[in-house]
Amino acid sequence: MAYNSLIVSSAQTQITLSTGSNIYNIVTGVQLSVNKTQDVTEIFAIGSNPPIGIKKLNQRFNGSLSLQTGEYETIIDAINATIQTGFIASLLDLGPFSLGWTIEMNDLVVPKSIIYSLDNCIAASDGYSVDRNSPETNTSIDIQGLGITRTVLNL
């Protein structure tokens, strides 16, 4: 069996950041990492020593996005152009936003597009890094939030 159809390159993935009705394509994304978690609580019956089941609680996610600093600053300027009152200096000052990514799986028998959306994101931290031996300057944003949706569309 050929496994090529299961391998998705980074060139087949598009990352977007959304605030309200504005969508910003992240074209210089260096890395996106997402960790989805939930609490699990044991359920006990009266007079029972071992648990009789488990219950899921508090689904959430945290993640990190790294991109070129120039693009980060351009997105901040674009967001500031749409704000009616005040300005933001970083995504830490922005209210809830969405972060999404689309995976194109073109080599399947029925090609499909998988769209993930991380809703109600809040920036927990952001940072800047420059390496003397690198032509790039990067900004990384740590995010936390609730609400993960997955949509599958046939191409």
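Along the sequence shown, residues are numbered consecutively beginning with 1.
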So Q144 and I122, do their side chains get closer than 4.5 Å, heavy atoms only? no

Do E71 side-chain atoms and T28 backbone N/O form a donor-acceptor pair below 3.5 Å? yes

Go through the structure and list residues passing side-chain hydrogen bond (donor to acceptor under 3.5 Å, both in side chains) with E42, not counting sequence neighbours. none

If two hydrophobic side chains count as joined below 4.5 Å and joins carry through other members, does Y24 share a cluster with Y116? yes

Other residues, nucleotides, ligands: >12 heavy atoms within 6.0 Å of L92 CG: yes

Taking the side chain as C-beta and beyond, is there a heavy-atom pair between I143 and L99 under 4.5 Å? yes

Kindly indicate, with the supporting measurements, whether the criterion side chain to side chain contact (heavy atoms under 4.5 Å, CB included) is fulfilled by D119 and L146. CA-CA 6 Å; D119 302 319; L146 305 169; over 6 Å; no

Looking just at side-chain N and O atoms, do T69 and T139 make a donor-acceptor pair shorter than 3.5 Å? yes

Check whether any side-chain N or O of S66 sits under 3.5 Å from a backbone N or O of V30 as a donor-acceptor pair, and report yes or no. no

Contacts satisfying salt bridge (charged side-chain N to carboxylate O under 4.0 Å, His left out) that involve residues 46-69 (not counting sequence neighbours) are D39-R60

N80 side chain to I88 main-chain N or O, any donor-acceptor pair under 3.5 Å? yes

Determine whether W101 and L32 make a side-chain contact, defined as any pair of heavy atoms from C-beta on separated by less than 4.5 Å. yes

Test of understanding: clusters of I, L, V, M, F, W, Y form through side-chain heavy atoms closer than 4.5 Å, transitively. Do F97 and I115 belong to the same one? no

Quick one: does T151's side chain get under 4.5 Å of I114's, heavy atoms only? no

Any side-chain donor near an acceptor of the partner, T16 and N25, under 3.5 Å: no

Please tell me if the side chains of Q59 and T37 come closer than 4.5 Å, counting only heavy atoms from C-beta onward. no

Between Y72 and N138, do the side chains contain a donor N or O and an acceptor N or O under 3.5 Å apart? no

State the NZ-CD1 distance between K36 and I148, to the nearest 0.5 angstrom. 5.5 Å

Taking C-beta and beyond as the side chain, do Q38 and L57 meet within less than 4.5 Å on heavy atoms? no

Between F61 and G147, which heavy-atom pair has the shortest distance, and what is it? CE2-O, 3.7 Å

Closest contact, heavy atoms only, I52 versus A45: CD1-CB, 3.7 Å

Atom pair OG (S90) and CD1 (I76), whose distance is rounded to the nearest 0.5 Å: 6.0 Å

Are more than 12 heavy atoms, taken from residues, nucleotides or ligands other than I54, located less than 6.0 Å from that residue's CD1 atom? no

Distance, nearest 0.5 Å, that separates CD1 of I79 from CG of L91: 5.5 Å

Nearest 0.5 Å, what's the CD-CD1 distance between Q31 and I15? 9.5 Å

Q14 versus T102, side-chain donor and acceptor atoms under 3.5 Å: no

What's the spacing between I26 CD1 and Q68 CD if we round to 0.5 Å? 11.5 Å

When hydrophobic residues are tied together by side-chain contacts of less than 4.5 Å, even through go-betweens, does I103 share a cluster with V152? yes

The reported gap from CD1 in I141 to CG in L67 (rounded to nearest 0.5 angstrom) is 5.5 Å

Verify the cluster assignment for L65 and V130: are they in a single hydrophobic cluster under the rule of side-chain heavy atoms below 4.5 Å apart? no

